[in-house]
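For the single chain, residues carry numbers from 1 onward in sequence order.
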Amino acid sequence: MRVYQTNEIKNIALLGSAGSGKTTLAESMLFESGVIKRRGTIEAKNTVSDYFPVEQEYGYSVFSTVLNVEWNNKKLNIIDCPGSDDFVGGAITALNVTDQALVLINGQYGPEVGTQNIFRYTEKLKKPVIFLVNQLDREHCDFDMTVSQMQEIYGSKCVQVQYPLSTGPGFNSLIDVLLMKKYSWNPEGGAPLIEEIPAEEMEKAAELHRALVEAAAENDESLMEKFFEEGSLSEDEMREGIRKGLVTRSIFPIFCVCGGKSMGVRRLMEFLGNVVPFVNEMPQVHNTRGEEIKTTVNEPTSLYFFKTGMEPHIGEVSYFKVMSGTVKSGDDLTNADRGSKERIASLYVCAGANRQQVETLNAGDIGCVVKLKDVKTGNTLNSKDCDNKFDFIKYPNSKYSRAVKAVNEADTEKMMVALTKMRQEDPTWVVEQSKELKQILVHGQGEFHLRTLKWRMENNEKIKIQYLEPKIPYRETITKAARADYRHKKQSGGAGQFGEVHLIVEPYAEGMPDPTVYKFGGQEFRMNIKGKEEVELEWGGKLVFINSVVGGAIDARFMPAILKGIMARMEQGPLTGSYARDVRVIVYDGKMHPVDSNELSFMLAARNAFAEAFKNAGPKILEPIYDMEVFVPSDYMGDVMSDLQGRRALIMGMDSEAGYQKLSAKIPLKELSNYSINLSSLTGGRASFTTKFASYELVPTDVQNQLIKDHETEASEED
């Protein structure tokens, strides 16, 4: 392969809902460009994209696949992305390192929830979009309805470049209104026959051609002037107008393809080669310091590693984009994130598992290397006198969590190593060793996402694992003030132990005034503040510790030990053993012994006094509440709302967005446990949701009583 310059390279993400036909289309694109001699199929498990065993097992794309083709002296880097929302990480990564989104739409179903989700990401990242209506040979395909839905959802920017003469099993021809030609194929595809448009289609084709010319002209003043003067544009002028419109997202061209029979694919490739913007025509990326990094060979070399794959018999394969400069085999680079040195022994370009060695890659290009010493996903390698770092890929919050444990406890360490390795391949897997819950938690995008992890762990790593319901990180707090005192005294020969602590606890709220006076049992306690310490708790909330001891009843040197004792008890609330938060503690009196008092004595006295006061201060359990947004088709709205209300969710509002209803709610984490499965079941997989931690709130009394009962049962079983 020859060395391509920056102005000869185009980077494209292939996106769409599950079942829209991306892998099949990618196979046809590779075939049409001569990369492969024969098209594989998902059924035969021999496609270039889905080559991992887990993908062949499930018949779904699990990983994004980096491909490249040479077309008319241009290089197209294509990343084929998984369609399932459970594997959205691959799509987000691809969109961040490419410059053009090809969004497939299944002609049988029109824009689906997966399409909506992907489009939102293209919008956020300001990426150009080309829509491809695929599977036109299917029985229930309705192209006109699909286009109508697209224009309703995405607006008048959706402009047809092609339309089929008919759809269904007999589909074999289309009209291209950019070239104003008819394309037709034999029943099984092959090279197209290109003819003039039939007379009976000329009126429709001319109308769509005019709409396309108008849309192209709107993106350039000189083109607009010419259009007004002459009423038309040349083919090259239309291409230029469409290119500019793509860059500014002013136009979303609509193409027709039948990926399974390679119909329309060659024409699509021509458009990608001739019209889609090159990498140097797109907005530049910024490094972590906010500096613009120019995609040019004249800058120092920076490589950004966006993906890691674990290949059988090879090991770690690291995929990168050349952000600036030029990289050559044998280059010595520095890892900006880890400080280590790396030598680029060999450079490759990829088409799935097939790798072709190259000597040089220029700014904007995508390639891979194998067996680097110390490079992880998200790292940057730089040449001398360059210190760029990049952190522009942001992944969505997890939606589904499970506790995981090795069936054989002896495999726990191996399991953790494997989990860490898998997270390099898919950063949307989050692994957490929770000291609080005493569980290893795996967070992902859905049940299928975690089921895939389990399959890989058991089939690839040969480690049997099991999933358990994750415990909920409850918190405990108090609702009223209470006082207690405790004397710790121990004498058993030699030096003894003595410490006595009197304290008051009360609920803490941000901004509340310092205490002055309390009344308990008809007795008044006046506070004289000597010192105050606010402790930001690592599990959220605060502990405010006030020293109000007068007259030297407790020496100041024992105050840190008293705080330490209180903190130790804050880690184990009396109701369920959960962390306590938002408490103010005032130590106002006590006693000490000139010989027997020490730090340990006061730590134990404070611990016990605090525990007693906490129990008498109206302790309550808090649960984590999450903000949720559900995107759902209108006809399922009633079922989804009823289900949420049954999960103790509080509906905050409803809105319409891009043809879907957006439901906003607050919901307890406890009720989210199996929500992704249930929502998919309720809506036939046509809805999606996002969540974000909001706050801790008091649980209802009946729920609290059940939690306390469950904790007591669990504690007695452990005893």
Could you check whether the rings of [X] and [Y] sit parallel, tilted or perpendicular, using 30° and 60° as the cut-offs?
{"X": "Phe131", "Y": "Phe252", "result": "perpendicular"}
{"X": "Tyr319", "Y": "Phe306", "result": "tilted"}
{"X": "Tyr304", "Y": "Phe392", "result": "tilted"}

Would you please say whether a donor-acceptor pair under 3.5 Å links the side chains of [X] and [Y]?
{"X": "Gln108", "Y": "Asn106", "result": "yes"}
{"X": "Asn280", "Y": "Thr295", "result": "no"}
{"X": "Thr248", "Y": "Ser250", "result": "yes"}
{"X": "Tyr163", "Y": "Glu201", "result": "yes"}
{"X": "Thr691", "Y": "Tyr675", "result": "no"}
{"X": "Ser17", "Y": "Thr115", "result": "yes"}
{"X": "Ser222", "Y": "Asp220", "result": "yes"}

Could you walk me through whether Arg355 and Glu311 pass the salt bridge (Lys or Arg N to Asp or Glu O under 4.0 Å) check?
-> CA-CA 12 Å; Arg355 279 170 289 278; Glu311 300 271 350; 3.7 Å; yes

Is [Y] paired with [X] through a side-chain N to carboxylate O contact shorter than 4.0 Å?
{"X": "Arg239", "Y": "Glu235", "result": "yes"}
{"X": "Lys662", "Y": "Glu629", "result": "yes"}
{"X": "Asp85", "Y": "Lys399", "result": "yes"}
{"X": "Glu207", "Y": "Lys204", "result": "no"}
{"X": "Glu237", "Y": "Lys226", "result": "yes"}

Would you check if the side chain of [X] reaches a backbone N or O of [Y] as a donor-acceptor pair within less than 3.5 Å?
{"X": "Ser680", "Y": "Ser676", "result": "no"}
{"X": "Asn134", "Y": "Gly259", "result": "yes"}
{"X": "Gln56", "Y": "Lys45", "result": "yes"}

With Glu196 via side-chain hydrogen bond (donor to acceptor under 3.5 Å, both in side chains) - residues at least two apart | Lys181

In this structure, which one of Lys75, Lys10, Lys321 forms a salt bridge (charged side-chain N to carboxylate O under 4.0 Å, His left out) with Asp365?
-> Lys75

Distance check, rounded to the nearest 0.5 Å: [X] atom [atom1] versus [Y] atom [atom2]?
{"X": "Thr122", "Y": "Ile118", "atom1": "OG1", "atom2": "CD1", "value": "8.5 Å"}
{"X": "Asp80", "Y": "Leu67", "atom1": "CG", "atom2": "CG", "value": "6.0 Å"}
{"X": "Glu32", "Y": "Glu270", "atom1": "CD", "atom2": "CD", "value": "9.5 Å"}
{"X": "Gln135", "Y": "Thr146", "atom1": "CD", "atom2": "OG1", "value": "11.0 Å"}
{"X": "Thr690", "Y": "Arg120", "atom1": "OG1", "atom2": "CZ", "value": "8.0 Å"}

Quick one: do Glu218 and Lys244 satisfy salt bridge (Lys or Arg N to Asp or Glu O under 4.0 Å)? Show the steps, please.
-> CA-CA 9 Å; Glu218 283 176 4; Lys244 289 181 176 177; over 6 Å; no

Does Gln357 CD have over 12 foreign heavy atoms under 6.0 Å away?
-> yes

Can the positive tip of Arg243 be found less than 6.0 Å from the middle of the six-membered ring of Phe271, inside 45° of the ring normal?
-> no

Phe171 six-ring face occupied by Arg138 cation (under 6.0 Å, within 45°) = no

Could you pull out all residues at least two apart from Glu70 that satisfy salt bridge (Lys or Arg N to Asp or Glu O under 4.0 Å)?
-> none

Please check if the distance between the ring centroids of Phe87 and His449 is under 6.0 Å.
-> yes

Is there a side-chain contact between Ile293 and Val285, using heavy atoms and a 4.5 Å cut-off?
-> no

